[in-house]
Amino acid sequence: MEQLPKEETIALREKLIGPSCQLFFRKDPLKIVRGKAQYLYDEKSNAYLDCINNVAHVGHCHPAVVQAGCDQMAVLNTNNRFLHDNIVVCAQKIVSTLPNKLEVCFFVNSGSEANDLALRLAQIHTGHRDVITLEHAYHGHLTSLIDISHYKFNLPGGVGQKKHVHLAACPDSYRGRYRDNEYSMDEIGTMYADEVGDLCEKSTQNEGGVSAFIAESLLSCGGQVIPPKNYFSRVYEHVRRAGGVCIADEVQVGFGRIGKHWWAFQNYNVQPDIVTMGKPMGNGHPVACVVTTREIADSFFNTGVEYFNTYGGNPVSCAIANAVFDTIENDNLMEQALIVGEYLLDSCQTLAKKHKQIGDVRGVGLFVGIDLVDDRDTRKANKECAQIVVQRMREERILVSADGPECNVIKFKPPMVFTKENVDEVVAMLDRVLTEVKHKERLDAKIKSLQNLVPAIIEEHSNKGQRPVRPIYKENIKSI
Ligand code: PMP
């Protein structure tokens with residue numbers, strides 16, 4: 001419900017909320033007052049198709065999830081030092097989706113808390129200090145995680161790379177160091193993985209030894225990157241040989257988003273030592289989890305230091321997470337992610353035949369990226385085009401975002417209730433917007449050639465202090 005006029009909300013936000021907390025569409029922010037399934041509604045009841053909200057995993061305000069939260073809230077909410085069924089039922093559901101060795105859960109409230117605890121477990125278990133992380137990765141907002149999130153520590157105002165952090169190249173076969181136009185995917189996977197091996201050696205010889213390798217199983221902030229098939233298994237070998245443990249960050253990509261499996265690491269036939277999960281787990285409610293092996297959990301226990309987290313695993317959060325699990329199963333959402341995801345990928349690939357700004361289309365399930373380029377041969381990133389796409393789609397009430405180190409990759413990670421009709425709508429609009437961009441580029445090129453043709457006119461008009469170029473050329477263009 002809207003309580004204040006939009007201008008007042010903006011003014012209060014500017015006055016009272018920390019300026020680093022930035023809004024989408026900063027110049028003209030959206031005020032969203034309601035959500036349902038794959039749609040968000042602004043204060044004027046305009047519906048926006050949501051292609052980016054992976055948190056609202058089973059659909060915004062799914063009735064079963066809302067009901068579960070309300071019912072439990074009305075009966076009891078307290079910390080997990082009392083016995084309660086919801087937490088153990090939730091743990092049972094989680095471990096039933098994972099390889100057998102991943103059998104112990106720690107409940108927390110956010111992806112950041114989960115990753116922070118994962119690092120702590122790794123350091124305690126291995127007795128080592130160093131962490132290997134990937135270029136462009138993001139793992140959370142806590143200090144320990146900013147330190148391992150190249151996406152943040154590498155910014156001009158960022159904290160820089162700490163001594164215990166080793167940075168491996170993002171295993172990107174399209175615009176990374178090793179590319180699919182020069183090497184086979186197997187070679188690329190091996191070369192990227194062996195870089196991690198080199199870092200393991202460096203850490204063992206000179207520094208604190210490798211405690212953990214942490215990576216998303218599909219790299220979202222890196223630009224919807226799908227690592228080569230052999231990458232993780234080879235990395236895990238290197239890391240384990242150095243005495244480190246392997247952490248799979250499934251905070252964005254888990255819970256069946258890839259369709260084929262519950263967890264994206266399962267696409268790579270590996271078994272991490274620690275898995276972190278969050279965002280979709282509560283469909284918008286803050287609940288997250290760290291799952292690990294008995295050995296690692298025991299090392300933590302043997303320190304004698306109790307782990308207590310006031311809200312982690314409370315009955316309401318777990319009731320909600322249980323309802324999310326049940327809804328994924330009852331509504332066949334993994335199957336939907338697989339079918340609709342493949343349709344989205346195919347449709348975008350077909351669109352790529354028409355628009356040369358599309359350099360690459362990649363994805364698994366409902367995790368898809370469109371890499372926009374200036375030139376297909378050089379693969380130069382086209383950030384400007386991505387910005388126009390995001391802005392124009394918003395005007396047409398479709399929400400997409402751009403990410404990647406050069407901010408040129410259009411990301412799709414919609415709620416899992418996304419349909420083929422939604423795909424058709426998005427792809428038709430993308431077609432229209434990319435056509436507009438093409439026309440604009442042609443127009444700009446013509447204006448430029450005219451500018452070259454008639455410098456004297458420009459000079460003459462400029463000398464007279466008039467606004468020179470546009471009014472003259474717009475008339476002239478018609479006759480070209
Ligand atoms: N890991 C990944 C891969 C994420 O994308 C995020 C959030 N964007 C986090 C961890 C941190 O999660 P949270 O914001 O819930 O703390």
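Along the sequence shown, residues carry numbers from 1. Counting convention: from 1, in listed order, for ligands and their atoms alike. None of these values were measured; they are calculated from a predicted model.
In terms of protein heavy-atom proximity, atom 9 (C) of ligand 1 is nearest to Val251 CG1, 3.8 Å. Atom 16 (O) of ligand 1 has its closest protein heavy atom at Ser112 OG, 2.5 Å. Protein heavy atom in closest approach to atom 1 (N) of ligand 1: Asp249 OD2, 2.8 Å.
Comparing Gln252, Glu113, His139 by heavy-atom distance to atom 5 (O) of ligand 1, the nearest is Gln252.
Less than 4.0 angstrom separates some heavy atom of His141 from each of these atoms of ligand 1: 16 (O). Close approach to Glu216 involves these atoms of ligand 1, each under 4.0 Å from a residue heavy atom: 3 (C). Within ligand 1, the atoms closer than 4.0 Å to a non-hydrogen atom of Ser110 are 15 (O), 16 (O), numbered from 1 in the order shown. Counting atoms of ligand 1 from 1 in the listed order, those under 4.0 Å from a heavy atom of Asn115 are 1 (N), 10 (C). Distances below 4.0 Å separate heavy atoms of Gly140 from the following atoms of ligand 1: 11 (C). Of all the atoms in ligand 1, the ones that sit under 4.0 Å from a non-hydrogen atom of Lys279 are 5 (O), 6 (C), 7 (C), 8 (N).
Counting only N and O atoms by type, the side chains of Thr97 and Trp263 include a donor and acceptor under 3.5 Å apart. Between the side chains of His84 and Asn314, no donor N or O sits under 3.5 Å from an acceptor N or O. Judged by distance alone, the side chains of Tyr39 and Asn422 do bring a donor and an acceptor atom under 3.5 Å apart. Side-chain contact check for Ser144 and Asp147: no donor-acceptor pair (N or O, by modelled atom type) lies under 3.5 Å.
More than 12 heavy atoms of other residues, nucleotides or ligands sit less than 6.0 Å from atom CZ of Phe25.
The N/O atoms of Gly111, backbone and side chain alike, include one that comes under 3.5 Å of an N/O atom in ligand 1. Considering backbone and side-chain atoms alike, Ser220 places every N or O at 3.5 Å or more from each N or O of ligand 1.
Counting heavy atoms under 4.0 Å from ligand 1, residue Leu145 does not touch it at all.
The backbone N or O of Ser299 sits nowhere less than 3.5 Å from a side-chain atom of Thr303 that would complete a donor-acceptor pair.
The salt bridge (charged side-chain N to carboxylate O under 4.0 Å, His left out) with Arg394 is formed by just one residue from the set Asp50, Asp28, Asp42; it is Asp28.
Residues Leu167 and Asn154 are not in side-chain contact: their nearest non-hydrogen atoms beyond the backbone lie 4.5 Å or more apart. For the pair Asp273 and Arg240, the minimum side-chain heavy-atom distance is below 4.5 Å.
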